[in-house]
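Naming convention: chains lettered A, B, ... in sequence-line order (proteins, then strands); numbering from 1 in each chain.
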Amino acid sequence: MNYWLIKSEPEAFSIDDLKAAPGKKEHWDGIRNYQARNFIRDEMQKGDLAFFYHSNCATPGIVGICEIVSDAYPDHTQFDSNSRYFDAGSKPDNPRWLMRDIKYRRKTRRLVSLSELKEHTAPLEGFPLIRRGNRLSIMPVAPEHWEFILALEKAES
DNA sequence: GCCAACGTTGGC
DNA sequence: GCCAACGTTGGC
């Protein structure tokens with residue numbers, strides 16, 4: 001059982017989109033970064049929980065929690081020449097990019113913003129999200145960091 | 001295999 | 001919209 005944080009641009013796919021999806025479930029496609037791919041392929045497990053993070057928006061931060069509900073399988077958009085995620089170098093018999101399905105669990109009681117998380121550098125030491133220049137779209141969350149952020153959510157902002 | 005150029009991410 | 005940080009590409 002591992003914890004994760006996954007980023008999504010709300011204009012492309014928000015926590016509300018996930019909640020509104022059939023079965024509150026959606027495949028999480030478009031990952032085109034090898035480090036992120038390796039997390040998906042090697043370290044994620046069905047049943048893992050993830051913070052759903054809104055990036056590239058007015059107030060970036062954690063907005064919800066979802067569950068990983070599938071094994072890794074090929075991301076079909078890599079073979080679709082009309083997709084912005086098309087990868088001509090990836091072959092169907094050896095797909096380069098993988099994805100998993102995620103399921104809505106709940107929204108957090110409030111937006112736990114990046115700026116708020118950055119106020120807690122000591123308890124969140126080592127958390128990649130608050131490291132300078134971090135661009136990973138998926139990252140592991142240490143159990144103690146997961147618990148700390150849940151406690152932060154319950155506290156008043 | 002080095003590294004400059006380029007493209008992308010994502011906070012601000 | 002700007003730009004710092006970082007990953008990838010491709011010439012050599």
Self-check item: Terminal helix-axis angle for the helix from B/dG1-C/dC12 to B/dC12-C/dG1, with five pairs defining each axis and rounding to 10 degrees
Solution: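 End-to-end axis angle: 10°.
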Exercise. May I ask you to check whether over 12 heavy atoms, not counting those of A/Q45, lie within 6.0 Å of atom CD?
Key: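 For A/Q45, atom CD is crowded (more than 12 foreign heavy atoms under 6.0 Å).
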Quiz item: Got more than 12 heavy atoms from elsewhere within 6.0 Å of CD, A/E125?
Solution: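 No, CD of A/E125 has 12 or fewer neighbouring heavy atoms, counting only those of other groups under 6.0 Å.
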Quiz prompt | Pair A/W4 + A/F52: ring centers closer than 6.0 Å | solution =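 They do not qualify: ring centres at least 6.0 Å apart.
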Quiz item: Considering all heavy atoms of both residues, which atom of A/A12 and which atom of A/D17 are nearest to each other, and what is their separation?
Solution: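 Distance-wise, the nearest heavy atoms are O-OD2, 4.2 Å.
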Self-check item: Minimum heavy-atom distance A/Y53-A/P60, with the two atoms named
Solution: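 Looking at all heavy atoms of both residues, the shortest contact is OH-CB, 3.5 Å.
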Quiz item: Where each residue is assigned the nucleotide of DNA chain C containing its nearest heavy atom, which of A/N134 and A/N56 is assigned the position nearer the 5′ end?
Solution: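 Its nearest nucleotide lies further toward 5', so the answer is A/N56.
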Quiz prompt | Nearest-0.5 Å distance, OG of residue A/S55 to CG of residue A/L5 | solution =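 Reported value, rounded in 0.5 Å steps: 9.5 Å.
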Self-check item: A/R96, A/R32, A/R100, A/R37 screened by salt bridge (charged side-chain N to carboxylate O under 4.0 Å, His left out) with A/D75, the one that passes
Solution: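 By the salt bridge (charged side-chain N to carboxylate O under 4.0 Å, His left out) criterion, A/D75 pairs with just one of A/R96, A/R32, A/R100, A/R37: A/R32.
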Quiz item: Contact boundaries of DNA chain B with chain A (under 4.0 Å, heavy atoms), 5' to 3'?
Solution: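 Answer, 5' to 3': B/dG7 to B/dC12.
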Quiz prompt | A/S90-A/Q78 side chain donor-acceptor pair, cut-off 3.5 Å | solution =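 A/Q78 and A/S90 do have a side-chain donor-acceptor pair below 3.5 Å.
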